[in-house]
Trainee: 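I'd like to ask some things about the structure below.
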Number of protein chains: 2
Amino acid sequence: MRKLLLVEDDSSLGYLLTEYLKMKDFQIVWATNGIEALEILKKEVFDLIILDVMMPEMDGFTLAEKIRDLYSSIPFMFLSARSLKIDVLKGFSLGAVDYLKKPIDEEELVVRVEALLNRLNIGINTSLQEEIILGGYLFNPATQELKYKDEIISLTSRESELLLFLWRRKNELSLHKDILTSIWGENDYFNRKSLNVFISHLRKYLSKDPRIVIENVHNKGFLLKVKE
Amino acid sequence: MRKLLLVEDDSSLGYLLTEYLKMKDFQIVWATNGIEALEILKKEVFDLIILDVMMPEMDGFTLAEKIRDLYSSIPFMFLSARSLKIDVLKGFSLGAVDYLKKPIDEEELVVRVEALLNRLNIGINTSLQEEIILGGYLFNPATQELKYKDEIISLTSRESELLLFLWRRKNELSLHKDILTSIWGENDYFNRKSLNVFISHLRKYLSKDPRIVIENVHNKGFLLKVKE
DNA sequence: AAAAAGATTAATAAAAGGTTAATTTTATTA
DNA sequence: TAATAAAATTAACCTTTTATTAATCTTTTT
């Protein structure tokens, strides 16, 4: 889970943002001033810090400088009512990854934070084609590859479609009828024979991990079981 | 040097931003519409794309979708007079790294672009010498040259475009459909035959380094694998 | 035990892919 | 503008891959 530190002295805005970000599945710690923020940073690790600029005692810019010097790798962004150009430029010159002008729209804040963390964590060359974890196997439906340790098994289109179909209903029964009409287009005697052949292929490929099994329910269909 | 593609139909704003960004030591190419932008992207590599949202013919959101599907690794940001929340959210949901509301302040644009490039991908897409490292090869899409040690292979335009296309989606599947519609313009039987010929050429050129291979996924597409 | 359904391996034919060469198109230059 | 060169497309031919069908054996159900 992504963990954020919010530094905001205004208690109503602080509370609102904290609750909203929690709802959006962020882990969030709220500090009400700079000193507290620095104390928290000594003990915990964060993915991103969100700083208000105008705060009593220590303003956000000063705090950002300290954070940058002490923990240079943690990205931070500003929230500010001061939307003067000079302030925005100052924010970025201190190394901010973003500068949001108040009034803050919580939804916009969330999508910006997500865009930032996605880029930062996952990196530039992240594939949109994701891999499915299947016990000790990795299955990539886009490239039709099934990996087990160093070994790569190239699946055919039908094999890949069938495995994906079963995986989407894993631990649930997939009816012959549904598989055949969805993948083959027609539910008849010959296609059903064909389905048996492909089930057999998949079982062979998946035999390296006993936690992954394709079970038959007599006269009903098949079932991809993924154990614990 | 960092290389940007600006897509902006308004000529005075386009000119202003182009000149300003040049002054700030960016290499910048300005396209006035989506079609032109896609043509340029076939031949050149960029670190960041800046898109206007409201444009005739093809709007920025539609263009962004195409860019994301074809060249998933290039970050893009929006410039827009439409500051409605729904537009900002749409921009980020398409995968934008930032969304700036017009009127644009050039200085703020520059610091945001710099912050992005510093954080995200310094020198990932365009290296200083503009050359792409491909195992033991150096590929320069601008000069269409592929170097291996002392040897220089001159690629034709098609060969170069195809290699660039595959490289931008390296280790991911590039669908026949996407390659053909992007490079040939039309996805038909004959162009697909032609594609096979060019794949064959590239494989021959790239055969000196076994870490670089072009794999086929039957009935789906091709995949440039760059190992370790 | 008989009949039906399922599993597995192998054989076959169709489609897709790979490669080289010939032909057409496009660009260059004399 | 005609001759030449280069590039892209099309053709021809061969190889590989794939889905289907067949053949045979095993399991399940009644």
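In what follows, every chain begins at residue 1, and chains take the letters A, B, ... in the order their sequences are listed.
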Trainee: Tell me whether B/Glu36 is salt-bridged to B/Lys43, with the criterion being a basic N under 4.0 Å from an acidic carboxylate O.
Mentor: no
Trainee: Do A/Ser157 and A/Gln144 have side-chain atoms, one donor and one acceptor, less than 3.5 Å apart?
Mentor: yes
Trainee: Each nucleotide N or O in nucleotides 10-18 of chain D that has a protein N or O under 3.5 Å away: list the pair and distance.
Mentor:
none

Trainee: Verify the neighbour count for atom NZ of B/Lys204: are there more than 12 heavy atoms of other residues, nucleotides or ligands below 6.0 Å?
Mentor: no
Trainee: Compare side-chain N and O positions of B/Arg192 against OP1 and OP2 of C/dA16 and report whether any pair is under 4.0 Å apart.
Mentor: no
Trainee: Show, in sequence, the C-alpha distance, side-chain angles and deciding distance for B/Leu117 and B/Leu48, and conclude whether the side-chain contact (heavy atoms from CB on, under 4.5 Å) test is met.
Mentor: CA-CA 8 Å; B/Leu117 293 180; B/Leu48 176 69; 4.1 Å; yes
Trainee: Looking at B/Asn196, I'd like to know whether one of its side-chain N or O atoms comes within less than 4.0 Å of OP1 or OP2 on C/dG17.
Mentor: no
Trainee: Please say whether the positively charged group of B/Arg192, taken as NZ for Lys or CZ for Arg, lies over the ring of B/Trp184, i.e. under 6.0 angstrom from the six-membered ring centre and within 45 degrees of the axis.
Mentor: no
Trainee: Check whether the side chains of B/Asp10 and B/Ser12 place a donor and an acceptor atom closer than 3.5 Å, and report yes or no.
Mentor: yes
Trainee: Identify which one of B/Lys227, B/Lys225, B/Arg203 satisfies the salt bridge (charged side-chain N to carboxylate O under 4.0 Å, His left out) criterion when paired with B/Glu215.
Mentor: B/Lys225
Trainee: Check every strand shown and say whether B/His176 touches a base, only sugar-phosphate, or nothing at a heavy-atom separation below 4.0 Å.
Mentor: sugar-phosphate
Trainee: To the nearest Å, give me how far apart CZ (A/Arg203) and C1' (C/dA7) are.
Mentor: 7 Å
Trainee: From CD of A/Glu186 over to P of D/dT21, roughly how many Å is that when rounded to an integer?
Mentor: 12 Å
Trainee: If I take atom NE2 in residue B/His201 and atom C1' in nucleotide C/dG18, what distance separates them, rounded to the nearest angstrom?
Mentor: 11 Å
Trainee: Is there a side-chain contact between B/Trp184 and the phosphate of D/dT9, meaning an N or O under 4.0 Å from OP1 or OP2?
Mentor: yes
Trainee: Nearest whole angstrom, please: distance from the P of D/dA6 to the CD1 of B/Ile153.
Mentor: 17 Å
Trainee: Expressed in angstrom and rounded to an integer, what is the separation of A/Leu195 atom CG from D/dT21 atom C1'?
Mentor: 15 Å
Trainee: If I take atom CZ in residue A/Phe222 and atom C1' in nucleotide D/dT27, what distance separates them, rounded to the nearest angstrom?
Mentor: 13 Å
Trainee: Given atom CG of A/Leu162 and atom P of C/dA7, what is their separation to the nearest angstrom?
Mentor: 12 Å
Trainee: Under a 3.5 Å cut-off for both contacts, is D/dT21 paired Watson-Crick or G-U wobble with anything, and if yes, with which nucleotide?
Mentor: C/dA10
Trainee: Calculate the interatomic distance between A/Leu180 atom CG and C/dA5 atom P; express it in whole Å.
Mentor: 14 Å
